[in-house]
Structures are given as C-alpha cells and as structure tokens.
There are 2 protein chains.
Amino acid sequence: MYSSGVSTSERLIESTRELLWERGYVGTSPKAILERSGAGQGSMYHHFRGKPDLALAAIRRSAEETRATADAVLAGPGTPYQRIEAYLLRERDVLRGCPVGRLTMDPDVIADDALRAPVDETLDWLRTRIAGIVEEGKEQGGFAPALDSSEVAAAVVATVQGGYVLARASGSPAAFDAGVRGLLALLAPRER
Amino acid sequence: MYSSGVSTSERLIESTRELLWERGYVGTSPKAILERSGAGQGSMYHHFRGKPDLALAAIRRSAEETRATADAVLAGPGTPYQRIEAYLLRERDVLRGCPVGRLTMDPDVIADDALRAPVDETLDWLRTRIAGIVEEGKEQGGFAPALDSSEVAAAVVATVQGGYVLARASGSPAAFDAGVRGLLALLAPRER
DNA sequence: GTCTATAGAACGATAGAC
DNA sequence: GTCTATCGTTCTATAGAC
C-alpha cells in the first residue's frame, strides 16, 4: 500500500515494478498489483490496456533507473580500473537480483519484442559504456592493449548477472562478492 | 508427446524437466505437463504428490545431468587453463539457458528449501570443482599464486550464468561468447 | 476516474469408477 | 495404474453504474 499524494497510475507502475522484480512477469497477476497499489480493477484498465501494457511501463522505468544508477558510478572519478571496480563493488541488494536482468528468464518477456526491447537496450548500453572505459584503460596503460574491450565488458556484466544467480542459489550474498573479487583480481593492472 | 516404451512416471519427469527449463516453475502448470507427457490427471497424482513433488524429481535430474556434463569436460585432458577453457567453450544451447541456474529467478523455488537445495548443491559443486582446478594451475605455474581459487571459480561460473542472461536479452548467443572470451583473455597465463 | 459485478478460462488438487 | 468428473480458486479482462 502506498500513501496518498501519488497518482493512481504512478502507484500502479511502482507496484508492478516491485512485483516484476520479486516474482517476474509470469508470476505477477493483475490482482496482486491491485492489492499492492491499493487501486481498483477499473483504475488499472482505465490507465493501461492490460497486464502487458502496464508491465511495459514498469520495465521501462526499471531500465531507466538501472542505467542511471550504473552511470552514476561509472562516470565517477578515478582510473578506468577504479571506475569498474566501483561499479562492481557498489552497494546492492544482492539477493533481490537485477530488476532488468531477471526478466530474461521470463518466457513471456522474451517472446514479446516490445517487452524484451528495454531489457536488451539496458544490458547493451551497459556493455557499451563499460567497453568505453576499458578502451580508455588500454590507452592509459592500465589494461593490456591486447584485450578486446567489448569482450572484457561482456565478462564484467556477465559476472554481475551471474553473481546474482550464485547468491540466490546459496541464499547468501557471499557468492556474488566472491565472483566479483575473482574478476577484479584477474582484471587488476599488473604493473603500475 | 513421447513414444511408448518409457514408463509414465519417466515421461512425466522428462516433460516437467523440459517445461521447467523453458518456462520456470511458476510458468509450468500440471495441465501443460500432462499435455506434453501424454499422461492423464490420475497418473500424475498417482506417481507424485503434486506439482512440487514432481518438480523436485525433475530438478534433481537436471542437477545430476548438469554435474555430469560439466565433469565430463573438466576431468578432460590438458593443463588447468585448457580444462577451464574447454568448459567455457563447450557446445551449449545458449539461448535455452541453464536448466539449473534459471530456477534461481523463480520465487517459489527460492522460497522452498527442498526445491532450492539441488540448485544450490549443483552450483556449489561446480564452484568447488573449478576451484580445485585453479588450485592445480597455481601449483603448476599456469595461474598466479596470488589468485584466490574459489573467487576465480566463482567468477568463471558467474560469467557462464550471466552469459545466458546477456544472450537471452539480445536474442543471440554472441553476447555469451563475448563474455567467455573476455574472461579467458583475463585468465590466460601470461608467461609459458 | 473509480467502483462493483460478472465472465470464461486455467490453476492445482481430489474423488471415485474401472 | 489410469480414466473422467468435479471442486474451489485464481487469472485476465469486460461491462456498466456512479
């Protein structure tokens, strides 16, 4: 339930966002959204055409937020290595997982190009953003020139996404942290 | 539908395994299992207590299969680096994802200790198995002695699990391959 | 814009005949 | 062991009053 002062459509989007994060698309019912948002059946179908339409609005918001959160750290100060380190070590609610990445395991999201698009764009943006930083690092000498920037970036993003998998499997954030530290050790500049 | 010659309970387990892989636990209904297996309602509730019980049998089988497939490659010939390389590069149906890892995004699996246990055990086994190989590599000189074996192993497993996420988001196996190549480049012995 | 009422289908499970 | 019938609930959506 949300306190008043926020529009109904806003509460619907935010409740859907939370439920998609916790339970995925298949596991989220309109009924559950209505209960959490405190809105009635009529309101939901007034503001949105149906579950896919509301989910799209929620997914787009999660995508935006994910990009903004990542960029805030990636655009920070320090060497390229330090900026990637900051991204990998930033505070996360690890056991909740990634609100965007988790949707890739949802068959109905993957089957619908409109729903999949924001997910694809977000992870693609992240890989490109990090690849640019790796490229900087190659120029500045922190990273070996032989490295393929976009491949290293893919490994960084995959380690994060996979770290969530390991953590949720074990019920503890420790596995996420281990993967991240392992990658950072491999990524660390040899000579300074 | 399965050809005859296999027991009904066998067909039920195998159909459930496929559906859990494709649609997850929440997205898989008893009805869908019955249709795919060709069994009737009565048969399913005769052999299994219900959906969770049948799912547990299916998850255990996927867990076993995953361990066997991984070990077949990890126990192969070559240096520690080459064995990990072989594991990372082995043929996969990338867009299908990992039948075990994908279950970590299923709220009902994570909430049920019995269903989560085989998932946890499998990923834990895999990390331990790979950590042992990294340890060998440290002794033989292929990997830097300063590396933490279990952290590197976590990074390897996370890259695979996260690679599936990237691939499914983009609808192409290319992103998985990129992440794996990025990790292998970082992992490669510097001096031979 | 929001409410309640209603709809047809699917969900997960049980009962009881054969 | 397998079948059909049935159950109460939830799913997603529509209708129509207010």
Side-chain angles (χ1 to χ4, degrees), chain A residues 1-59 103 106-112 114-115, chain B residues 1-59 103 105-112 114-116:
Chain A
M1 283 288 198
Y2 278 84
S3 56
S4 53
V6 193
S7 73
T8 299
S9 102
E10 184 59 28
R11 282 183 289 130
L12 283 165
I13 292 175
E14 205 53 34
S15 298
T16 304
R17 225 170 71 78
E18 292 172 10
L19 283 163
L20 288 180
W21 199 341
E22 293 165 21
R23 306 195 41 84
Y25 182 86
V26 170
T28 296
S29 68
K31 192 190 176 197
I33 294 170
L34 298 179
E35 275 166 10
R36 185 169 298 212
S37 67
Q41 192 86 329
S43 296
M44 176 177 148
Y45 285 100
H46 172 74
H47 292 289
F48 301 95
R49 277 189 304 262
K51 178 180 167 178
D53 190 39
L54 175 49
L56 181 57
I59 292 172
L103 298 170
D106 232 304
D108 292 5
V109 170
I110 294 305
D112 183 332
L115 294 178
Chain B
M1 285 285 200
Y2 279 83
S3 55
S4 52
V6 193
S7 73
T8 299
S9 103
E10 183 58 28
R11 281 183 289 133
L12 283 164
I13 293 175
E14 205 53 34
S15 298
T16 304
R17 228 170 69 76
E18 292 172 10
L19 282 163
L20 288 179
W21 200 341
E22 293 166 22
R23 305 195 42 84
Y25 183 84
V26 170
T28 296
S29 68
K31 192 189 175 198
I33 294 169
L34 298 179
E35 276 167 10
R36 186 168 299 212
S37 65
Q41 191 87 330
S43 297
M44 176 178 148
Y45 284 99
H46 173 74
H47 291 288
F48 302 94
R49 278 190 302 263
K51 178 180 168 179
D53 190 39
L54 175 49
L56 180 57
I59 292 173
L103 297 170
M105 295 306 150
D106 233 303
D108 292 4
V109 170
I110 294 306
D112 183 332
L115 293 179
R116 185 172 59 83

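Protein chains get the first letters and strands the later ones, always in sequence-line order, with residue 1 at the start of each. Every heavy atom of this structure was used, including side-chain atoms; hydrogens, water molecules and symmetry mates were not.
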### Task
Using whole Å, report how far CD of A:E10 lies from P of C:dG1.
15 Å
### Query
Is the shortest heavy-atom distance from the side chain of B:I59 to the side chain of B:L20 under 4.5 Å?
yes
### Query
Taking only side-chain nitrogens and oxygens of A:H46, does any of them come within less than 4.0 Å of OP1 or OP2 of C:dG1?
yes
### Query
Considering only heavy atoms from C-beta outward, does the side chain of B:M44 approach that of B:T8 to under 4.5 Å?
no
### Query
When all nucleic acid strands are considered with a 4.0 Å heavy-atom cut-off, which category describes A:G50: base, sugar-phosphate, or nothing?
sugar-phosphate
## Note on the structure
Among the nucleotides C:dG1, D:dT12, C:dT14, whichever has the atom closest to the side chain of A:Y45 is D:dT12
### Task
Could you check how far CG of A:L54 sits from C1' of D:dA13, rounded to whole Å?
14 Å
### Interatomic distance where CZ belongs to A:F48 and C1' belongs to D:dA13 [whole Å]
16 Å
### Query
Of the nucleotides D:dT2, D:dT12, C:dT14, which has the atom closest to the B:T8 side chain?
D:dT2
### Query
Out of curiosity, A:T16 OG1 to A:R36 CZ, how far, rounded to the nearest 0.5 Å?
9.5 Å
### Query
Separation of A:H47 atom NE2 from D:dA13 atom P, in whole Å?
17 Å
### Task
Give a yes/no answer on whether the side chain of A:S43 brings an N or O atom under 4.0 Å of OP1 or OP2 in C:dG1.
no
#### Entry: Between P of C:dG1 and CG of A:L12, the distance in whole Å
13 Å
### Message
Could you check whether any side-chain N or O of B:T28 sits under 3.5 Å from a backbone N or O of B:L19, counting only pairs where one atom can act as donor and the other as acceptor?
### Response
yes
### Query
Tell me: CG of A:L34 to P of C:dT2, nearest whole Å?
12 Å
### B:M44 CE - C:dT14 P separation (whole Å)
10 Å
### Among C:dG1, D:dT14, D:dC11, the one nearest A:K31 by side-chain distance
D:dC11
### Summary
Taken to the nearest whole Å, CG/B:L19 to C1'/C:dC11 is 15 Å
### Query
Would you call B:E14-B:R11 a salt bridge at under 4.0 Å N-O?
no
### Message
Measuring to OP1 and OP2 of C:dC11, would you say a side-chain N or O of B:S29 lies under 4.0 angstrom away?
### Response
yes
### Task
For A:G40, report the nucleic acid contact type (base, sugar-phosphate, nothing); a contact means any heavy atom under 4.0 Å.
sugar-phosphate
